[in-house]
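Quick note: residue numbers are just sequence positions, from 1. What you see is a predicted model, and the numbers here were worked out from it, not measured in a lab.
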Amino acid sequence: MPRIMFGAKGQVYYRRYTRFFGSDGDAAPALSHYALCQYADWEERISAWQSPVLDDRSLPAWYKSALFNELYFLADGGTIWLEVPEDSLPEELAGSMCQLRPILTEYGRFGYLEGQEYRMYNTYDVHFYASFALIMLWPKLELSLQYDMALATLREDLTWRRYLMSGVMAPVKRRNVIPHDIGDPDDEPWLRVNAYVIHDTADWKDLNLKFVLQVYRDYYLTGDQGFLRDMWPVCLAVMESEMKFDKDQDGLIENGGYADQTYDAWVTTGPSAYCGGLWLAAVAMMVQMAAICGTQDIQDKFSSILSRGQQAYERLLWNGRYYNYDCSSQPQSCSIMSDQCAGQWFLRASGLGEGDTEVFPTPHVVRALQTIFEFNVQAFAGGAMGAVNGMQPHGVPDRSSVQSDEVWVGVVYGLAATMIQEGLTWEGFQTAEGCYRTVWERLGLAFQTPEAYCQQRVFRSLAYMRPLSIWSMQLALQQQQQQHKKASRPKAEQGTGLSTGFKLGPKEVMANPSPE
């Protein structure tokens with residue numbers, strides 16, 4: 001089945017393997033012959049990739065299972081990998097990105113569903129979490145996906161439609177804002193984006209920020225400066241679009257009084273821990289990118305925003321133990337959100353967030369994580385089900401929305417990675433273990449990890465993208481090992497580069513432990 005047509009039947013695509021085996025639909029014998037000749041070598045390579053983790057006695061068995069088995073979704077998530085015809089890339093957009101055409105034509109176009117029940121390709125607010133698996137294992141596919149997202153950002157679709165939650169009429173896609181998704185397989189993905197019709201996501205507060213955060217993270221882990229320079233104008237455009245959400249000009253964006261982010265049924269009002277944290281992290285990365293791209297005026301502009309925004313964030317949200325959920329007058333504004341440190345998570349994954357590049361005071365980050373562990377993890381379901389999204393400060397789950405008292409598996413794995421980054425390694429593993437045991441053992445949902453579950457064995461959206469974030473735990477562990485090695489080297493040796501063993505530099509810390 002080398003040819004693909006989506007539901008709208010507007011365009012014919014060819015699968016990636018046709019470049020090697022032809023597109024006539026008669027390749028089964030050749031594919032089978034090739035596999036039978038190669039499988040022993042493939043098994044050896046798989047073993048070489050997995051053995052450093054599987055043979056590490058310091059890692060618990062459940063983690064080894066979760067790390068490799070959650071990857072099922074990259075193949076089983078309605079996944080498509082397509083050839084990109086040379087003439088399908090728009091000249092006016094592709095011309096400004098030097099590597100766009102080479103990356104897409106060489107590595108193809110990659111798409112996977114948000115979930116087997118949520119029929120949208122490359123849902124970006126969720127890919128933010130899942131993307132660690134791609135950038136660490138198949139980095140060129142992650143860069144390809146990012147180029148596709150950049151192309152979609154610069155386009156617009158001014159067809160008006162009604163959005164379900166508000167009833168408001170608005171365009172399908174505005175220019176210079178990140179789309180929610182790349183389209184519906186029952187329509188014509190890539191050509192028509194934003195299949196999601198619950199909210200007008202042009203007004204969401206997290207999507208633009210998540211693009212900036214992923215661009216810098218991807219640059220840091222690949223060292224690909226050409227990619228960064230290609231993405232820089234797009235980052236500038238989406239951050240300019242984001243600026244309008246800082247209505248009082250204090251350097252911190254405000255949420256709009258509805259569910260305007262990935263928690264799309266959990267209302268957020270005014271400055272918030274989640275979106276405010278993502279904003280500050282993105283602004284900090286804009287400062288770094290401006291320095292790399294040699295634009296001093298832009299660097300100064302974002303440095304000023306960062307300084308004012310940090311002060312506002314601490315003043316408005318920090319309460320001594322954690323960052324408040326938001327600044328509304330509702331009781332749930334002081335809920336403890338498990339995902340409040342998402343900005344710090346990406347900063348640390350990208351070699352920032354401490355020392356000279358500290359954004360959130362380290363004592364506050366550690367205290368917040370300890371509070372989340374105490375309340376959202378240990379005080380929820382006996383500490384055996386991971387971290388509930390929202391917990392009230394008196395130890396009762398936040399039931400103000402249908403999502404605040406859920407556990408989101410992918411969020412928990414990201415939280416666990418953040419704990420590891422901040423030295424709370426035991427707490428991180430305890431937190432993540434609750435999710436694994438609940439999903440893979442107690443609920444019996446192996447190879448169909450849901451987006452969410454509740455304490456009463458209710459679950460939602462089987463086979464979901466977000467839990468691929470477990471690879472951020474692996475990245476955190478590897479970066480921790482790097483730091484320990486660096487700290488334990490004799491001072492005379494440090495910084496000389498005179499190392500006899502195979503060594504990963506800060507930009508090459510990848511999850512694939514084999515040199516290949």
Side-chain angles (χ1 to χ4, degrees), residues 125 129 165 199 204-206 252-281 312-345 360 364-383 385-416 418-419 424 427 431 434-435 451-456 458 460 466:
D125 56 299
Y129 296 82
M165 193 69 83
H199 298 285
W204 272 18
K205 308 306 181 286
D206 60 341
L252 187 64
I253 61 168
E254 294 92 40
N255 288 84
Y258 74 102
D260 53 356
Q261 24 71 39
T262 196
Y263 297 88
D264 59 355
W266 194 356
V267 172
T268 318
T269 304
S272 69
Y274 182 68
C275 289
L278 294 175
W279 162 259
L280 291 180
Y313 191 78
E314 296 295 325
R315 182 179 74 254
L316 296 168
L317 293 164
W318 179 249
N319 65 20
R321 293 187 299 160
Y322 59 92
Y323 293 99
N324 286 335
Y325 175 71
D326 67 8
C327 290
S328 76
S329 56
Q330 301 300 313
Q332 63 267 22
S333 72
C334 58
S335 283
I336 307 161
M337 187 189 199
S338 65
D339 211 4
Q340 63 186 267
C341 295
Q344 176 71 2
W345 171 43
F360 310 96
H364 289 187
V365 172
V366 173
R367 184 74 181 94
L369 292 170
Q370 289 170 333
T371 301
I372 293 165
F373 185 70
E374 179 185 348
F375 284 85
N376 301 57
V377 180
Q378 290 186 309
F380 175 73
M385 291 183 78
V388 67
N389 281 342
M391 180 66 88
Q392 297 178 71
H394 54 278
V396 175
D398 178 348
R399 296 196 172 90
S400 63
S401 89
V402 294
Q403 292 175 336
S404 52
D405 72 340
E406 290 182 328
V407 176
W408 286 11
V409 180
V411 167
V412 173
Y413 288 151
L415 167 63
T418 315
M419 290 174 169
L424 303 172
E427 289 86 347
T431 298
C435 276
E451 154 78 316
Y453 58 77
C454 295
Q455 191 169 347
Q456 294 78 27
V458 177
R460 177 171 64 79
R466 204 180 317 247

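In this view, Thr269 and Val267, Asp326, Ser328 satisfy the side chain to side chain contact (heavy atoms under 4.5 Å, CB included) rule, not counting sequence neighbours. Scored by the side chain to side chain contact (heavy atoms under 4.5 Å, CB included) test, Ala273 finds Tyr313, Tyr323, Gln340 as partners (sequence neighbours excluded). Residues satisfying the side-chain hydrogen bond (donor to acceptor under 3.5 Å, both in side chains) criterion with Thr431, sequence neighbours excluded, are absent altogether. Taking the salt bridge (Lys or Arg N to Asp or Glu O under 4.0 Å) definition, one finds that Asp206 meets it with Lys210, sequence neighbours left out. Applying the side chain to side chain contact (heavy atoms under 4.5 Å, CB included) rule to Glu254 yields the partners Asp246, Lys247, Asp248, Asp250, Pro271; only residues at least two apart in sequence or on another chain are considered. Qualifying side-chain hydrogen bond (donor to acceptor under 3.5 Å, both in side chains) partners for Ser400, counting only residues two or more places apart in sequence or in other chains: Asp398. Qualifying side chain to side chain contact (heavy atoms under 4.5 Å, CB included) partners for Asp405, counting only residues two or more places apart in sequence or in other chains: Pro397, Arg399, Cys454. Checked against side-chain hydrogen bond (donor to acceptor under 3.5 Å, both in side chains), Glu427 has no partners two or more places apart in sequence or in another chain. The side-chain hydrogen bond (donor to acceptor under 3.5 Å, both in side chains) check on Ser272 picks up Asn255, with sequence neighbours excluded. The ring-ring contact (aromatic ring centres under 6.0 Å, His included) test applied to Phe380 returns no partner, not counting sequence neighbours.
Side-chain atoms of Asp260 and His199, non-hydrogen and from C-beta on, never get closer than 4.5 Å to each other. Looking at Cys275 and Thr268, their side chains never come closer than 4.5 Å, going by heavy atoms from C-beta outward. No side-chain heavy atom of Val388 sits less than 4.5 Å from a side-chain heavy atom of Ser338. For the pair Trp204 and Asp125, the minimum side-chain heavy-atom distance is below 4.5 Å.
Here the closest heavy-atom approach between residue Arg321 and residue Pro393 is recorded as NH2-CB, 3.8 Å. Between Thr262 and Tyr129 the shortest heavy-atom distance is CG2-OH, 4.3 Å. Nearest heavy-atom pair across Ala265 and Val402 is CB-CG2, 3.8 Å. Taking both residues in full, the closest heavy atoms of Ala387 and Val407 are given as O-CG1, 3.5 Å, listed atom of the first, atom of the second, then distance. Between Leu252 and Leu316, the shortest heavy-atom contact is CD2-CD1, 4.3 Å. Considering every non-hydrogen atom in both Cys341 and Leu369, the closest pair reads SG-CD2, 4.1 Å.
Between the CG atom of Leu278 and the CD atom of Gln261 there is a distance of 9.0 Å, given to the nearest 0.5 Å. Atom OG of Ser401 and atom CH2 of Trp266 lie 6.5 Å apart (nearest 0.5 Å). For the atom pair CD1 of Ile253 and CH2 of Trp279, the computed distance is 6.5 Å after rounding to the nearest 0.5 Å.
The backbone N or O of Asn389 sits nowhere less than 3.5 Å from a side-chain atom of Glu406 that would complete a donor-acceptor pair. Formation of a donor-acceptor pair under 3.5 Å by the Tyr453 side chain with backbone atoms of Met385 is found in this model.
Checked against a 6.0 Å centroid threshold, the rings of Phe360 and Trp318 do not count as neighbours.
Residues in residues 393-412 take part in these ring pair (Phe, Tyr, Trp, His ring centres under 6.0 Å) pairs, two or more places apart or across chains: Tyr263-Trp408. Sorted by first and then second residue, the side-chain hydrogen bond (donor to acceptor under 3.5 Å, both in side chains) pairs involving residues 368-378 (not counting sequence neighbours) are Arg367-Thr371.
Side chains of Ser404 and Gln332: a donor-acceptor N/O pair is absent below 3.5 angstrom, by distance only.
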